[in-house]
Amino acid sequence: MMATHSIQYGDTSIEYDLSFAERRTLKISVHPDLHVTVTAPVDATLDKIASIVRRRAKWILRQQRELELYLPHTPPREYVSGETHRYLGRQYRLKVVTTEGDEGVKLDRGYLFVWVADRTDTIRIKSLVDDWYLKQARRVFDERFAVILPRFERQNLSEYSLRIRELKSSWGTCTEAGTITLNLKLMQVSKSSIDYVIAHELCHLIEHNHTKRFYSLLDHVMPDWRDRRIVLNAHEFS
């Protein structure tokens, strides 16, 4: 039986599914859908396991970024059981379930479950999924801003407001009035990529154009932003 655990590596939280087996050493695997599994000896303690995972964190993140470039493109949505949907860089299989009770959406072990009164009502299923993504976006974006903002503590940021929209051709925008808009479709990519977009837009609060000063500031707050941009730009606006 697997249980989900996590460790903190710098600004990044790494989740992994842990199981135990009759083996002498701990095995860490990064799978094509980017999720991490750990198989540990039966006598290993949780603290010891977390310590080893933390030591391998740099390798895990590198593997995830490389694999992220090769995630299969997601075809147009039909909102029927069996199709795949992305959430924070991983692929989930949609499973539509008929219910006479409350309708809703939930992620559970590789599946995106949707409970709906009529499983043939794809318009309703899409509405439920869209509402769920928006709810998750509000939570995740607030969480990622809290992680990135401390990097700007010496930059005298101006006040800003956050909007979430579906944008057709950009991952994020920032107006001179201080309105940052993040594309709802960022919920399809990893937190690392979301962090890059947030850092990029926060830099625009200080320098509105892509000047040398802008890129110098971005280099300062996120030295690996170029690698993150490559991974992000490999994604389609699906």
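Heads up: numbering here begins at 1 and tracks the sequence.
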**OP:** Could you walk me through whether T39 and F20 pass the side chain to side chain contact (heavy atoms under 4.5 Å, CB included) test, one step at a time?
**Re:** CA-CA 5 Å; T39 306; F20 294 88; over 6 Å; no
Subject >> Derivation and outcome, side chain to side chain contact (heavy atoms under 4.5 Å, CB included), residues V189 and R86 >> reply: CA-CA 7 Å; V189 305; R86 286 181 184 155; over 6 Å; no
Original post:
Could you walk me through whether L157 and I206 pass the side chain to side chain contact (heavy atoms under 4.5 Å, CB included) check?
Top reply: CA-CA 7 Å; L157 282 179; I206 299 167; 3.6 Å; yes
Subject >> D142 vs R138, salt bridge (Lys or Arg N to Asp or Glu O under 4.0 Å): CA-CA, chis, key distance, verdict >> reply: CA-CA 6 Å; D142 284 346; R138 293 190 181 108; over 6 Å; no
**OP:** Before giving the answer on side chain to side chain contact (heavy atoms under 4.5 Å, CB included), spell out for I125 and V96 the whole-Å C-alpha distance, their side-chain angles and the decisive distance to 0.1 Å.
**Re:** CA-CA 8 Å; I125 295 168; V96 182; 3.7 Å; yes
Subject >> Residue pair D195, R151: steps toward the salt bridge (Lys or Arg N to Asp or Glu O under 4.0 Å) verdict >> reply: CA-CA 11 Å; D195 288 353; R151 304 186 185 193; 5.7 Å; no
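The shortest distance between side-chain heavy atoms of V97 and R119 does not fall below 4.5 Å. Contact annotation: the side chain of R228 approaches that of D224 to within less than 4.5 Å [non-hydrogen atoms, C-beta and beyond]. You'll find the side chain of Y79 reaches within 4.5 Å of the side chain of H85, heavy atoms only. Side-chain contact between C203 and V221: present, with at least one pair of heavy atoms (C-beta onward) separated by less than 4.5 Å. Taking the side chain as every heavy atom from C-beta outward, V105 and Q136 never approach each other to under 4.5 Å. By the 4.5 Å heavy-atom criterion applied to side chains, L128 and E103 are counted as neighbours. Side-chain contact between L184 and L167 is absent, with no heavy-atom pair separated by less than 4.5 Å. Contact annotation: the side chain of T99 never approaches that of V116 to less than 4.5 Å [non-hydrogen atoms, C-beta and beyond].
For the residue pair E78 and T122, the shortest heavy atom distance occurs at O-CG2, 3.5 Å. Of all non-hydrogen atoms in E201 and T173, the two that sit nearest each other are OE1-C, 3.3 Å.
The distance from atom CD1 of I148 to atom CZ of F141, rounded to the nearest 0.5 Å, is 13.0 Å. Taken to the nearest 0.5 Å, the CG atom of L162 stands 10.5 Å off from the SG atom of C174. In this structure, the separation between OG on S192 and CG on D227 is 9.0 Å, given to the nearest 0.5 Å. The distance from atom CG of L202 to atom CE of M222, rounded to the nearest 0.5 Å, is 9.5 Å. The NE2 atom of H200 sits 10.5 Å away from atom CG of L232, with the distance rounded to the nearest 0.5 Å. L112 CG to T84 OG1: the interatomic distance, rounded to the nearest 0.5 Å, is 10.5 Å.
We find that D130 and K126 are joined by a salt bridge, their nearest charged nitrogen and carboxylate oxygen being less than 4.0 Å apart. Comment: E83 does not engage R93 in a salt bridge, judged by the lack of any side-chain N to carboxylate O separation of less than 4.0 angstrom.
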Side-chain donor-acceptor pairs of residues 40-57 under 3.5 Å, sequence neighbours excluded:
residue, atom, partner, partner atom, Å
T45, OG1, K48, N, 3.1
S51, OG, R55, NH1, 3.4

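The aromatic rings of F214 and H210 lie perpendicular to each other, with more than 60° between the two planes, well past the 30° mark.
The aromatic ring centres of Y160 and F145 sit less than 6.0 Å apart. Centroid-to-centroid, the aromatic rings of Y215 and W225 come within less than 6.0 Å. The ring of H220 has its center no closer than 6.0 angstrom to the ring center of F152. Ring pair Y87/W132: centre-to-centre distance below 6.0 Å.
In the displayed structure, E143 atom CD is contacted under 6.0 Å by more than 12 heavy atoms of other residues, nucleotides or ligands. Atom CG of D108 sits in a crowded spot, with more than 12 heavy atoms from other residues, nucleotides or ligands closer than 6.0 Å.
Linking ILVMFWY residues whenever their side-chain heavy atoms come closer than 4.5 Å, directly or via other members, leaves F113 and L94 in distinct clusters. Hydrophobic cluster membership is shared by V114 and Y133, with clusters built from Ile, Leu, Val, Met, Phe, Trp and Tyr side chains linked at under 4.5 angstrom. Residues V80 and L107 fall into different hydrophobic clusters, defined by Ile, Leu, Val, Met, Phe, Trp and Tyr side chains chained together at heavy-atom separations under 4.5 Å. Under a hydrophobic-cluster definition in which Ile, Leu, Val, Met, Phe, Trp and Tyr are linked whenever side-chain heavy atoms come within less than 4.5 Å, directly or via other members, W59 and I7 are assigned to the same cluster.
The ring-ring contact (aromatic ring centres under 6.0 Å, His included) pairs that include a residue from residues 25-50 are H31-H35, where partners are two or more places apart or lie in different chains.
Side-chain N or O atoms of N183 include one that pairs as donor or acceptor with a backbone N or O of K185 at under 3.5 Å. When atom types are taken as modelled, the side chain of D17 and the backbone of V38 share no donor-acceptor pair closer than 3.5 angstrom.
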